[in-house]
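In what follows, a structure is listed as C-alpha cells, so that the remarks can point back to it.
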Number of protein chains: 2
Amino acid sequence: MNTKLDIVFSALSDSTRRHILTMLLEDDMAVTDVAEPFEMSLAAISKHLTILTRSGLISQEKRGRVKWCKLEPDALRDASIWMQSFGQFEAVNLDAFERFLERELDNDTA
Amino acid sequence: MNTKLDIVFSALSDSTRRHILTMLLEDDMAVTDVAEPFEMSLAAISKHLTILTRSGLISQEKRGRVKWCKLEPDALRDASIWMQSFGQFEAVNLDAFERFLERELDNDTA
DNA sequence: CAATTGGTCAACCATTTGGTTGAATATGGG
DNA sequence: CCCATATTCAACCAAATGGTTGACCAATTG
C-alpha cells in the first residue's frame, strides 16, 4: 500500500529535497535557479522536483519556457498532524526555528 | 550526506513502520507481538524494528529472551519542528487526531 | 538434557532510488 | 529562420530497500 503519507514522508527523507523546500520558502523559483546551488545535474534536480510535485509539497506551472516551482505547505498538514500526535509538541518557536534552519542549511546542503 | 532528519523521515515513509508506531502508542510490546497482526515474516518485522531503532523513534531492551520495544516520541521533535515551519499549523486538535488515526489504521495497514 | 520459544543473521531476489550522460522538445530572441 | 535557453526524456548504473527462507543462537521450560 502506498498512501499519501508514504509519499510525503519519503519525499521529505532526502536532504536535497528538503533544501529545495527551504529555498522555496523565500520565493517561487524556476527549475534552473533551483538547480544552481547544487553540485548535481539539472536532470537530477528535475527528478527531485517531480518527486516533490507528486507528493504535493510543491506545484509547478509552466509560463513561457520556464517552469515555476511553488511551495504548497498544506501538503504537510496530515503528516504534521500524524507526527505531533506522538509527542504533543508545543507550538513552534520561530526564533528557535530560524536557528534550526541555519543549522540545517549549513550541515545539510547537498 | 545522511542526517538524522533523513533517517527519521525515511523511517516514517513506510506504512508498516508507522503502523508499528501507532501500536506502540498503546503500550510497550515484544517483537513477536508486534509482528502478529502483519502478514509478513518475523524477520521482516525485525528489520523494520531495527530501522525504527536506528532512527531513534523506538528503543529496544532485552529482558530474558524477550526484546521489548518502546516508543521514543522525542525523536520526532526536530522533524516536527522542521515540518511545522512550512505551514504554521495550529496546535493539533485531539478529536481530529483520533479520527485521523482511525482512518490511518483502517486504510494503511500492511 | 532436550525441546520450545524469541529473535537475529545470512544469502538471496526484485524493485526502487538517486545519480549520470546525451539526445530530444519547446519556447523566445535577434 | 537560426540559435540559445529551459526543461525533460531515455538509457544506463550502483546502491539501497523490503521482502523471502533457512540456519543459527539464547533463554525458558518440562
Exercise for review: Take the protein atom CG of A:L49 and the nucleotide atom P of D:dA6, then report the distance between them rounded to whole Å.
Suggested key: 15 Å
Check your understanding: Between B:S46 and B:L42, is there a donor-acceptor pair closer than 3.5 Å when you use the side chain of the first and the backbone of the second?
Key -> no
Check your understanding: Judged by atom type as modelled, is there a donor-acceptor pair below 3.5 Å linking the side chain of A:R18 to the main-chain atoms of A:L12?
Key -> yes
Study note, to complete from the structure: Taking D:dG19, D:dT7, C:dG18 as options, the one with an atom nearest any side-chain atom of B:T16 is D:dG19
Exercise for review: May I have the distance from A:K67 (atom NZ) to C:dT25 (atom C1'), rounded to whole angstrom?
Suggested key: 12 Å
Review point. For B:T50 and B:K47, take the nucleotide of DNA chain C holding the closest heavy atom to each; which residue's nucleotide lies nearer the 5' end?
Key: B:T50
**Study point:** Near-ring test B:F38/B:H48, centroid separation under 6.0 angstrom
**Key:** no
Exercise for review: Take the protein atom CD of A:E39 and the nucleotide atom C1' of C:dT20, then report the distance between them rounded to whole Å.
Suggested key: 15 Å
Practice item. Specify the separation, in whole Å, of atom CD1 of A:I7 and atom P of C:dT17. Key: 10 Å
Review point. Heavy atoms under 4.0 Å, any strand shown: does A:R17 hit a base, just sugar-phosphate, or nothing?
Key: sugar-phosphate
Study note, to complete from the structure: When rounded to the nearest 0.5 Å, the distance separating CD of A:Q60 from SG of A:C69 is 4.5 Å
**Study point:** Nucleotide C:dG19, atom C1' - distance to CD1 of A:I20 in whole Å
**Key:** 14 Å
Check your understanding: So, is A:S46 close to the D:dT7 phosphate, meaning a side-chain N or O under 4.0 Å from OP1 or OP2?
Key -> no
Exercise for review: Report which part of the nucleic acid A:L42 touches: base, sugar-phosphate, or nothing (heavy-atom distance under 4.0 Å, all strands).
Suggested key: base
Practice item. Please determine, for the side chain of B:K62, which listed nucleotide (C:dT8, D:dA26, D:dG18) has the closest atom? Key: D:dA26
Check your understanding: Expressed in angstrom and rounded to an integer, what is the separation of B:D6 atom CG from D:dA16 atom P?
Key -> 13 Å
Review point. Does A:R65 make a side-chain donor-acceptor contact with the base of D:dA6, cut-off 3.5 Å?
Key: no
Review point. Would A:W68 end up clustered with A:L49 when hydrophobic side chains under 4.5 Å apart are linked, directly or stepwise?
Key: no
Check your understanding: In whole angstrom, what separates B:E36's CD from C:dG6's P?
Key -> 12 Å
Practice item. Quick one: label A:A43 by what it contacts on the DNA or RNA (base, sugar-phosphate, nothing), any heavy atom closer than 4.0 Å. Key: base
Review point. B:I45 has an atom CD1; how far is it from atom C1' of C:dT8, in whole Å?
Key: 14 Å
Check your understanding: Can you tell me if the side-chain N/O atoms of B:S41 get under 4.0 Å from OP1 or OP2 in D:dT20?
Key -> yes
